[in-house]
Protein chains: 4
Amino acid sequence: MTTDSLPASRAERRKQELRREIIETAFDCFAERGYHATAIADIAARLGIGHGTFYRYFQNKRDIVDHVITDLIERVVASLAAENAPEAVSSLAEYRAQAERIGDALGRIFGSDPRIARFLLLEAAGIDAEMRERVLEFQSTAAQLTAGYLHHGVQVGYLHSDLDVDATARAINGMIIAAVLAALCDPVPTSQERMSAAIRRLMYDGIAPRA
Amino acid sequence: MTTDSLPASRAERRKQELRREIIETAFDCFAERGYHATAIADIAARLGIGHGTFYRYFQNKRDIVDHVITDLIERVVASLAAENAPEAVSSLAEYRAQAERIGDALGRIFGSDPRIARFLLLEAAGIDAEMRERVLEFQSTAAQLTAGYLHHGVQVGYLHSDLDVDATARAINGMIIAAVLAALCDPVPTSQERMSAAIRRLMYDGIAPRA
Amino acid sequence: MTTDSLPASRAERRKQELRREIIETAFDCFAERGYHATAIADIAARLGIGHGTFYRYFQNKRDIVDHVITDLIERVVASLAAENAPEAVSSLAEYRAQAERIGDALGRIFGSDPRIARFLLLEAAGIDAEMRERVLEFQSTAAQLTAGYLHHGVQVGYLHSDLDVDATARAINGMIIAAVLAALCDPVPTSQERMSAAIRRLMYDGIAPRA
Amino acid sequence: MTTDSLPASRAERRKQELRREIIETAFDCFAERGYHATAIADIAARLGIGHGTFYRYFQNKRDIVDHVITDLIERVVASLAAENAPEAVSSLAEYRAQAERIGDALGRIFGSDPRIARFLLLEAAGIDAEMRERVLEFQSTAAQLTAGYLHHGVQVGYLHSDLDVDATARAINGMIIAAVLAALCDPVPTSQERMSAAIRRLMYDGIAPRA
DNA sequence: TATGAATGAGTCTTCATTCAT
DNA sequence: CATGAATGAAGACTCATTCAT
């Protein structure tokens with residue numbers, strides 16, 4: 001009678017809880033053994049539920065991995081959405097600060113659990129054609145997000161007026177993914193910082209002294 | 001011992017030939033239906049051989065995909081090795097020309113068969129942990145290759161003297177992979193050229209006018 | 001103790017009502033999808049009750065199909081019982097009239113809902129050995145009923161004095177079942193009438209002119 | 001080199017043999033426990049083969065029961081086809097003799113193994129809607145066969161000229177099925193003979209003395 | 001050497017039934 | 001008394017791999 005403001009009964013809440021637990025445990029299993037090597041029974045056993053129970057919450061094995069991916073994408077997107085919007089920026093200095101904040105946020109989310117990047121960027125696409133498409137779509141969406149920031153910069157004038165925002169956005173995201181994957185192989189903060197610096201250097205200075 | 005200088009008999013040659021055909025057909029199947037959805041019998045049937053024969057050439061299903069990947073990586077590496085070595089370059093202009101040649105070579109190899117990128121960059125990592133490691137190693141190797149070019153540029157002096165060559169190499173490769181994946185989604189020459197131009201712009205100019 | 005003369009409370013009546021509804025809905029489901037393809041949950045869902053409730057009214061899945069069959073048999077028997085008893089007949093003409101009335105009654109009951117014949121005569125026997133026995137017993141009972149009519153006719157004298165009443169009864173019922181099944185395949189009134197006429201012809205004239 | 005006149009190798013023959021054995025064993029199992037209560041593993045175990053082997057010979061469980069039914073129907077049809085054709089008859093006496101031969105043949109086939117009738121006439125229709133349709137079609141085909149005999153009789157003149165051959169054929173077949181089912185319940189030769197006699201009586205004399 | 005028949009471990013999935021709420 | 005969440009037995013089916021021919 002305190003926080004229970006909604007008509008959601010205790011049973012309903014319990015159900016949502018278990019649903020969430022299944023998604024999380026499924027992610028644990030998939031990340032540990034891979035999607036194909038994971039049996040529904042494994043997930044259920046680790047949760048301590050009957051494997052028939054699983055099917056009360058998800059249609060089938062494909063359904064759960066879809067939800068796992070949705071969950072991961074949402075987590076990443078949420079971490080980005082927390083950062084300022086493109087319009088909040090009006091100079092290159094501010095843009096750099098914002099980009100750094102975004103980079104930090106990504107570092108935090110992917111650094112918090114290396115399995116997120118490993119599963120979302122490396123394994124998911126191998127599940128089946130549909131999932132591969134989802135992963136590519138996710139990257140497209142991310143590119144559009146980045147393009148938004150660039151577009152604003154071009155309009156306000158602190159970025160090259162003739163910048164190809166869409167293609168550049170994809171390229172920048174490619175660097176970010178490279179950084180995330182590099183962190184997977186070499187999870188030392190130093191090398192993460194080096195990647196981050198190298199990307200900034202590329203973005204703002206290029207690799208060569210100018211003529 | 002006719003034209004055959006080596007003791008490799010005709011039978012031996014035939015064996016190597018079939019081995020190669022199996023690898024190629026396996027790639028066809030994996031690319032079409034995915035690794036897990038492909039049965040050894042599918043590969044054998046498509047080749048018109050008994051599926052018992054398959055096991056005379058490869059240990060098991062895992063073995064063949066390993067060879068398929070090796071083959072793909074070799075094809076990509078070979079296309080790069082054809083380009084001049086880092087030492088052949090002594091100015092930024094020459095570096096840019098060389099980088100463009102390399103980019104063209106990659107465009108040719110990945111453009112010739114979109115399945116190469118799709119399988120090598122998207123699906124392979126989802127097969128199992130070991131394969132994921134191989135894919136990451138491949139990317140590390142590629143980064144070292146790129147780093148070699150950058151390193152030479154720093155030494156000769158046409159690149160920033162304080163460039164973090166390893167991190168920058170990874171970042172550049174990230175952009176290249178992004179371009180290859182973008183070409184998968186949108187295989188129009190125009191957008192491939194746009195990606196290429198955007199990467200060059202980033203590398204040599206950065207995204208913003210300099211102070 | 002208002003209008004209820006019996007100690008059956010309103011709750012008790014409600015219970016009987018639901019019991020009946022379950023039987024009817026179960027028949028609907030069985031007839032539509034077959035016994036084995038019907039889940040208890042299907043029946044409950046169609047009725048809008050929880051499937052746990054089902055088990056307050058019937059022991060198990062087998063129990064309900066037994067009641068469904070009992071119900072169908074009762075409906076058929078009731079439709080026959082409404083016709084005159086064997087003793088009410090004292091001449092061949094009256095017998096023929098009575099037989100026609102019985103045939104009409106059967107036509108009405110089976111014609112009213114083709115699922116009755118389909119389930120009772122075709123599907124029920126496939127459920128399990130016990131049910132198969134029940135179906136055969138039902139046919140035996142029906143044969144005895146028919147035999148009763150024939151027996152009376154022999155005794156009174158309007159039927160062949162040496163008629164093998166039991167065997168003939170089974171044969172006649174076989175023709176009736178054939179007619180019912182024919183109506184299933186070809187539910188046109190004309191062909192039903194033709195079957196009916198053909199049976200009468202056989203019973204009273206045989207198929208050939210007499211010597 | 002002796003009886004092996006066809007290019008059918010020994011392996012091919014062995015395969016056909018096993019195929020046949022599976023059909024027979026499947027029939028054994030279905031007849032004993034019913035279709036739904038029989039697992040593929042049961043059939044395989046009884047045959048002493050791995051259950052994977054089963055699937056080398058038949059698509060799935062449904063496929064095997066289809067073949068079992070086909071086999072049973074063929075056996076029945078073969079037993080009938082052995083009898084003379086309708087055209088071989090030119091008088092009522094010959095017709096009666098032929099009908100008796102057919103009846104004997106049916107008695108032999110169904111009497112040889114009561115499971116044939118039980119499965120074909122009682123259980124098969126309960127498997128699923130498609131099988132029910134097949135059973136009804138089989139009965140229709142049988143009716144057409146019978147109708148052929150009657151039609152000939154009408155044309156030649158030893159049967160009623162205004163006989164409704166199709167409807168009468170269905171009615172006669174109904175009696176035959178009734179006899180077969182009666183034999184299932186009461187497999188004494190005497191009662192089989194009684195059923196047979198009763199049917200003949202009905203067919204040729206009707207049940208009542210003529211006016 | 002090539003073959004493909006045989007195998008059975010392994011997985012998903014369904015559903016009748018129970019029982020705590 | 002009604003409910004529906006939980007359960008796990010059961011079964012269909014696939015496919016990598018082996019091995020006799």
Side-chain angles (χ1 to χ4, degrees), chain A residues 9-12 14-15 18-19 35-45 47-64, chain B residues 11-12 14-15 18 35-45 47-64, chain C residues 11-12 14-15 18 36-45 47-64, chain D residues 9-12 14-15 18-19 36-45 47-64:
Chain A
S9 67
R10 196 162 330 130
E12 186 58 29
R14 174 87 198 92
K15 196 161 176 169
L18 181 48
R19 209 183 140 79
Y35 172 75
H36 284 105
T38 298
I40 294 299
D42 295 335
I43 301 170
L47 256 169
I49 63 173
H51 60 284
T53 306
F54 171 90
Y55 287 92
R56 291 188 58 73
Y57 289 83
F58 296 94
Q59 287 278 315
N60 50 39
K61 195 180 174 184
R62 190 49 221 276
D63 191 24
I64 183 68
Chain B
E12 184 60 28
R14 175 78 199 103
K15 190 161 176 157
L18 181 50
Y35 172 74
H36 284 104
T38 297
I40 294 298
D42 293 336
I43 301 170
L47 254 170
I49 64 172
H51 57 285
T53 308
F54 171 91
Y55 287 91
R56 301 203 144 276
Y57 290 82
F58 297 94
Q59 288 279 317
N60 50 38
K61 195 180 174 183
R62 191 46 222 279
D63 191 24
I64 182 69
Chain C
E12 185 60 29
R14 176 79 199 101
K15 188 158 181 166
L18 181 49
H36 284 105
T38 297
I40 294 298
D42 294 336
I43 301 170
L47 254 169
I49 63 171
H51 57 283
T53 309
F54 171 91
Y55 286 90
R56 301 206 145 275
Y57 290 81
F58 297 94
Q59 287 278 316
N60 50 39
K61 195 181 176 184
R62 189 48 222 280
D63 190 23
I64 182 70
Chain D
S9 66
R10 195 162 332 128
E12 187 59 28
R14 174 86 198 91
K15 199 164 171 164
L18 181 48
R19 210 184 140 79
H36 284 104
T38 297
I40 294 299
D42 295 336
I43 300 170
L47 256 169
I49 63 173
H51 60 285
T53 307
F54 171 90
Y55 287 93
R56 291 189 57 74
Y57 290 82
F58 297 94
Q59 286 278 316
N60 48 41
K61 196 181 173 184
R62 190 47 221 274
D63 191 23
I64 182 66

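Throughout, a chain's letter reflects where its sequence line sits, starting with A, and its residues are numbered from 1.
Pair assignment for E/dA9: F/dT14, on the basis of Watson-Crick or G-U wobble contacts that are both within less than 3.5 Å. In this structure E/dT21 sits in a base pair with F/dA2, meeting the Watson-Crick or G-U test at under 3.5 Å.
Atom CZ of residue A/R56 and atom CD1 of residue A/I49 lie 11.0 Å apart, to the nearest 0.5 angstrom. Taking OG1 of D/T53 as the start and CG of D/L18 as the end, the distance is 7.5 Å to the nearest 0.5 Å. Rounding to the nearest 0.5 Å places CD1 of C/I64 at 6.0 Å from CD1 of C/I43. Separation of atoms NE2 (C/H51) and CG (C/D42) is listed at 10.5 Å; rounding is to 0.5 Å. Interatomic distance, B/Y55 OH to B/D63 CG, rounded to the nearest 0.5 Å: 10.5 Å.
Mapping A/G50 and C/Y57 onto DNA chain F by nearest heavy atom places C/Y57 at the nucleotide closer to the 5' end.
For the pair C/K61 and C/F54, the cation does not sit on the ring face, since its NZ or CZ is not both under 6.0 Å from the ring centre and inside 45° of the axis.
What separates CG of D/L47 from P of E/dA6 is a distance of 11 Å, to the nearest Å. Atom CD1 of B/I49 is separated from atom P of E/dT3 by 6 Å (rounded to the nearest Å).
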Original post:
Which letter, B, S or -, goes with each nucleotide of nucleotides 11-21 of chain E from 5' to 3', with contact meaning a protein heavy atom under 4.0 Å?
Top reply: -SBB-SBB---
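Using a 4.0 Å heavy-atom criterion, one finds that D/L18 contacts the sugar-phosphate atoms exclusively.
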